[in-house]
> 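Would you mind keeping the following structure in view while I ask a few things?
Note that ligands are numbered from 1 as they come in the structure, with each ligand's atoms numbered from 1 the same way. Index from 1, following the sequence. Since this is a predicted model, take the numbers as computed values, not measurements.
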Amino acid sequence: MTKNRTVPTWVHFPLQSNTSRLIHVNATAKGGGVAELLSHLVESQASAGLSVGWGVISGSSEFFDLTKRIHHLLHGSGDAGLLQDDDLASLYRTTLRPQAEWFADHLAAGDVVVLHDPQTLGLAPGLSSRGMRVVWHCHIGSKPDETTPHSAVWQFFEPYLKYVDTVLTSRAEFAPTQVPESRRHVVLPAIAPESPKNRDLSDSEVDSRLSGIGLLGHEYAESEAAVEQDGPIPESAPMVLQVSRWDPLKGMAEVLRSLERLPPEAHLVLAGPEPREITDDPEGLAVLSQVRRVREAMPDALRVRAHLVTMSMADPERNALLVNALQRRADVVTQKSLQEGFGLTVTEAMLKERAVVASDVGGIRAQIRHGRTGLLVPAEDDAAFADAVAGLLRKPARRRELGLAAAAGARANFLMPRLVHDYRRLVHPTLN
Ligand code: UDP
């Protein structure tokens, strides 16, 4: 049993001021969409004059194991019976209760605290009892039906949800029904167009960043990523890309298996974080190992076209620029998720005028208009997925058309100023 460290840390300490503050709390400062989103949302809110902070909880590996299993339950898979286990309920409660005290000691009545995702929801009672307004922004979810265990999760969270004033989700059906409808709102995530992840890069910068990690040849020492490949990608070869955490719901192995159905000149890059650096996602190593095994088992002629990239998150700016370069080099970007609350990677690729093929699930449905700004395929239909990618690889004009419409859609609906505005309207109408 690892030691249960229960002291949160500040990523961004709120400016002390006479006005009330807005504090975001989540489970990790790096890796994954919420950390990406918060880093830009906090910066934008601070430059809009708000006294804003960002804290990160800590927890044992057992705690993050439990929260990852809850994450899967909210995506419709796993055994909801685990939530009957009193020891796990107690682990959740006792990990978060002292951290709620810690935050409350640093904050004051009247402050607004936004708890992101299920990992932090257990802070609600301790904050609410000290006069803070608690908002829960849940970025994950799936459509509940009779076979999914949502109701068991909401029952588990009942003691916490009753202290939540407002719930935000990326689709209405992701929200817990016991919170009155008037206090549930849909808020779609957003990306920062000028950030290192999304800003314009010249072709030569794209080339040098990808050459720098060896993907196009010439690897330099001290590269920020490890590339597993039999040889570099030829300059003229079309490239298909998926950037994701190594999570079973992201479908990385299935994308790799689709390579045999793609045109023989196409190369595939699967890129994700170095799993040992991501503390709140215990499944990373196992999923990466599985993907490695699928690649190793491929015949030589296929394996030479499959490239695995694991990126260090130690230098967030270099990581972001590398993801940016990968997305710009790609001819088709995929997001073959089995479930997805909202895929930031989809919007990042769309903003860069990429043709995207993604699963027709969750928040992705709000991001892509099928046939107009990208292609949606049924999540479980591997053949339809491969056919859609192969079709686009053969039709550059169609890719261009989808890519231009995708960028226009992303600019119109999914940039940070819109999210800042949504927060001002729904989360802190009375703060500055
Ligand atoms: N990302 C990254 N490096 C990686 C893998 C992902 O920077 O190796 C970023 C990706 O560009 C995106 C975020 O992490 O900004 C993932 O967000 P998304 O909503 O797509 O998925 P999540 O990880 O939150 O499920």
> Counting each atom of ligand 1 from 1 as listed, which ones have a heavy atom of Phe342 under 4.0 Å away?
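Near Phe342, the atoms of ligand 1 are 19 (O).
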> Considering the heavy atoms of Met311, write down every atom of ligand 1 situated less than 4.0 Å from one of them.
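In order of number, 3 (N), 4 (C), 8 (O).
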> Report yes if some N/O of Glu348 lies less than 3.5 Å from some N/O of ligand 1; otherwise report no.
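Between Glu348 and ligand 1 (N or O atoms, distance only) the closest approach is under 3.5 Å.
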> Quick one: nearest non-hydrogen protein atom to atom 23 (O) of ligand 1, plus distance?
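Of the protein heavy atoms, Arg245 NE, 2.6 Å lies nearest.
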> Please say whether Thr345 places an N or O atom under 3.5 Å from an N or O atom belonging to ligand 1.
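In this structure, Thr345 places an N or O atom under 3.5 Å from an N or O of ligand 1.
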> Can you classify the ring geometry of His139 versus His137 as parallel (below 30°), tilted (30 to 60°) or perpendicular (above 60°)?
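Judged by the thresholds at 30° and 60°, the geometry between His139 and His137 is parallel.
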> Anything under 30° is parallel, anything over 60° is perpendicular, the rest tilted; go ahead and classify His116 against Tyr423.
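Answer is parallel, since the angle falls under 30°.
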> Looking at Asp382 and Arg261, is there a salt bridge between them, counting it only when a charged N and a carboxylate O are closer than 4.0 Å?
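So Arg261 does not pair with Asp382 through a salt bridge.
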> With a cut-off of 4.0 Å, which atoms of ligand 1 are near a heavy atom of Val323?
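Checking each atom against Val323, I get 2 (C), 3 (N), 7 (O), 11 (O).
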> Are a donor atom and an acceptor atom from the side chains of Gln229 and His307 found within less than 3.5 Å of each other?
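His307 and Gln229 do have a side-chain donor-acceptor pair below 3.5 Å.
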> Compute the ring centroids of Trp136 and Tyr163, then answer whether they are less than 6.0 Å apart.
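No, the ring centres sit 6.0 Å or more apart.
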> Look at the aromatic rings of Phe63 and Tyr92 and report parallel, tilted or perpendicular, splitting at 30° and 60°.
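Correct class here is parallel.
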> Short list, please: which atoms of ligand 1 are under 4.0 Å from a heavy atom of Glu36?
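Those qualifying, in numeric order: 15 (O).
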> Does the residue His139 have a heavy-atom contact with ligand 1, meaning some pair of atoms that are separated by less than 4.0 Å?
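Under 4.0 Å: no for His139.
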> Should you measure from each heavy atom of Gly33, which atoms of ligand 1 turn up under 4.0 Å away?
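Selected atoms, number and element: 13 (C), 16 (C), 17 (O), 19 (O), 22 (P), 23 (O), 24 (O).
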> Checking a contact table here: which protein heavy atom is nearest atom 18 (P) of ligand 1, and how many Å away?
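Among all protein heavy atoms, the one nearest atom 18 (P) of ligand 1 is Leu344 N, 3.5 Å.
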> What protein heavy atom lies closest to atom 6 (C) of ligand 1? Include the residue and the distance to one decimal.
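Protein heavy atom with the smallest distance to atom 6 (C) of ligand 1: Val243 CG1, 3.7 Å.
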> If we count only N and O atoms by modelled type, under 3.5 Å, do the side chains of Thr310 and Glu274 hold a donor and an acceptor together?
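Note: Thr310 and Glu274 side chains miss the donor-acceptor criterion.
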> Run the salt-bridge test on Glu36 and Lys30 with the 4.0 Å N-O cut-off and return the result as yes or no.
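Salt bridge between Glu36 and Lys30, a charged N being under 4.0 Å from a carboxylate O: no.
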> What protein heavy atom sits nearest atom 9 (C) of ligand 1, and how far off is it?
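Its nearest protein heavy-atom neighbour is Lys197 NZ, 3.5 Å.
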> Show me which atoms of ligand 1 lie under 4.0 Å from any heavy atom of Asn319.
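Matching atoms, with element in brackets: 2 (C), 3 (N), 7 (O).
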> Please determine, by modelled atom types, if Glu340 and Ser359 share a side-chain donor-acceptor pair under 3.5 angstrom.
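Absent: no donor and acceptor within the cut-off.
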> Which option, Glu274, Lys250, His71, Gln339, owns the non-hydrogen atom nearest atom 22 (P) of ligand 1?
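Looking at heavy atoms only, Lys250 sits closest to atom 22 (P) of ligand 1.
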> With a cut-off of 4.0 Å, which atoms of ligand 1 are near a heavy atom of Gly343?
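Here the atoms of ligand 1 in question are 19 (O), 20 (O).
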> Can a donor-acceptor pair be found between the side chains of His12 and Glu43 at a distance below 3.5 Å?
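On atom types as modelled, these side chains do not qualify, holding no pair under 3.5 Å.
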> Does a salt bridge link Arg184 with Glu181, judged by any charged N lying under 4.0 Å from a carboxylate O?
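Not counted as a salt bridge, because no side-chain N and carboxylate O are separated by less than 4.0 Å.
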> Give the contacting part of Ile191 toward ligand 1: side chain, backbone, both or neither, where contact means a heavy-atom distance below 4.0 Å.
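The answer is neither.
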> Under 3.5 Å between some N or O of ligand 1 and some N or O of Pro273?
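Yes; the residue has a nitrogen or oxygen that sits under 3.5 Å from a nitrogen or oxygen of the ligand.
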